[in-house]
Enquirer: 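One structure, pasted below without further comment.
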Amino acid sequence: MSTLDLFADEPPMGIEPIGPQSVVLRGHALPRAAPLLAAVDGVMAQAPLRHLVTPGGFTMSVAMTNCGTLGWTSDRRGYRYSAIDPVSGQPWPAMPAVFAQLAGEAAAAAGFEGFAPDACLINQYLPGSRLSLHQDRDERDLGAPIVSVSLGMPATFLFGGLARADKTARVLLQHGDVVVWGGVDRLRHHGVLPLKDQPHPLLGGRRINLTFRKAG
Ligand code: MD3
Ligand code: FE
């Protein structure tokens, strides 16, 4: 028997399962961090970060913007995807090629071939910013996975279950980590604990998260 056979049922190196159909690709974005951050700056110059208001009237501590043909937005009337940035009245900036490339490769590495996101939500966290436990269910095709890329300061991600009250697991997400969620994990509750101030060499006191979705 070959030593290779001992690992026949193990996931490939650097692929860390966090659910039946969810994986962390540790450091997967590191080689492309500089072009990704340059592209983030380009998007933010066209579509500035803003603090959205929830239908319940709360202002989110995370600042957001989008690129791609659809962008996620929220106001007192509800959550929705829109082709138009309500701040500029213009279409969202196009999805940078380096974004789409990375998202497609990461999804394929996790077993989701042919992922072609039409929306990228860009979240900016400062020390104290948090995202309370929620589900992502505003997307039309819940069969498509979600890919997220973490840049800058580390964050503790909370991964719950299908019911809001289900126990949550904690996953530390660091600069360069890429996570793919799909299949049976797609509707699991999740959130982010308040960020600690642990300045990052490239981004200082910020965390940027790119979340790629097939929304339309
Ligand atoms: C897990 N963002 O924007 S990564 C969000 O780090 C969001 O900014 C977090 O949750 C962040 O909605 C978490 C993205 C994520 C997105 C969808 C998921 C994780 C998910 C759907 C199911 C399970
Ligand atoms: Fe989410």
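Both backbone and side-chain heavy atoms feed into the values below; hydrogens, waters and symmetry mates do not. Whatever order the structure lists ligands and atoms in, that order sets their numbers, starting from 1.
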Enquirer: How far is atom 18 (C) of ligand 1 from the closest protein heavy atom, and which atom is that?
Expert: His190 CE1, 3.2 Å
Enquirer: If you link I, L, V, M, F, W and Y whenever their side-chain heavy atoms are under 4.5 Å apart, who else ends up in the same group as Leu193?
Expert: Leu133, Leu158
Enquirer: How does His134 reach ligand 1, by side chain, by backbone, by both or by neither, if only non-hydrogen atoms under 4.0 Å count?
Expert: side chain
Enquirer: Answer yes when Asp141 and Arg186 have at least one side-chain N-carboxylate O distance shorter than 4.0 Å, and no when they do not.
Expert: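 Looking at Arg186 together with Asp141, the answer is no, because their closest N to O distance does not fall below 4.0 Å.
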Enquirer: Looking at atom 17 (C) of ligand 1, what's its closest protein heavy atom, distance included?
Expert: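 Result: Asp136 OD2, 3.1 Å.
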Enquirer: Among all protein heavy atoms, pick out the one at the shortest distance from atom 13 (C) of ligand 1; state its residue, atom name and that distance to 0.1 Å.
Expert: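 Looking only at protein heavy atoms, the one closest to atom 13 (C) of ligand 1 is Phe157 CE1, 3.6 Å.
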Enquirer: Any heavy atom of Met64 closer to ligand 1 than 4.0 angstrom?
Expert: no
Enquirer: Side chains of Trp72 and Asn66: do they bring a donor and an acceptor to under 3.5 Å?
Expert: no
Enquirer: Does ligand 1 come near enough to Arg213 that some N or O of the ligand is less than 3.5 Å from an N or O of the residue?
Expert: yes
Enquirer: Counting no waters, what protein N/O/S atoms lie under 2.8 Å from the Fe ion (ligand 2)?
Expert: His134 NE2, Asp136 OD1, His190 NE2
Enquirer: For atom 3 (O) of ligand 1, which protein heavy atom lies nearest, and how many Å away is it?
Expert: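 Checking every protein heavy atom, the shortest distance to atom 3 (O) of ligand 1 gives Asn123 ND2, 3.0 Å.
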Enquirer: List every atom of ligand 1 that sits less than 4.0 Å from any heavy atom of Arg186, numbering the atoms from 1 in the order shown and giving each element.
Expert: 21 (C), 22 (C)
Enquirer: In terms of side-chain geometry, is the basic nitrogen of Arg213 or Asp136 positioned less than 4.0 Å from the acidic oxygen of its partner?
Expert: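 A salt bridge links Arg213 with Asp136.
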Enquirer: List every atom of ligand 1 that sits less than 4.0 Å from any heavy atom of Ile146, numbering the atoms from 1 in the order shown and giving each element.
Expert: 16 (C), 17 (C)
Enquirer: Is there at least one pair of N or O atoms, one from Ser148 and one from ligand 1, spaced under 3.5 Å apart?
Expert: no
Enquirer: Heavy-atom pairs closer than 4.0 Å: do any link ligand 1 to the side chain of Gln124, the backbone, both, or neither?
Expert: neither
Enquirer: Establish, from distance only, whether the side-chain atoms of Thr73 and Asp75 form a donor-acceptor pair under 3.5 Å.
Expert: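 No, Asp75 and Thr73 have no side-chain donor paired with an acceptor closer than 3.5 Å.
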Enquirer: Testing the 3.5 Å rule here: is there a donor-acceptor pair between the side chains of His189 and His134?
Expert: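 Judged by distance alone, the side chains do not pair up.
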Enquirer: Does Arg80 have more than 12 heavy atoms from other residues, nucleotides or ligands lying within 6.0 Å of its CZ?
Expert: yes
Enquirer: Compute both the distance and the angle, then confirm whether Arg188 meets the cation-pi test with Phe159: under 6.0 Å from the six-membered ring centre, within 45 degrees of the axis.
Expert: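 So Arg188 does make the cation-pi contact.
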Enquirer: Below 4.0 Å from ligand 1: does a non-hydrogen atom of Trp72 turn up there or not?
Expert: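 No.
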Enquirer: So, for Phe212 and Trp181, is the gap between ring centers shorter than 6.0 Å?
Expert: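 That pair fails the under 6.0 Å test.
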Enquirer: Would you say ligand 1 has an N or O under 3.5 Å from any N or O of Arg188?
Expert: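 Among all N and O atoms of Arg188, none is under 3.5 Å from an N or O of ligand 1.
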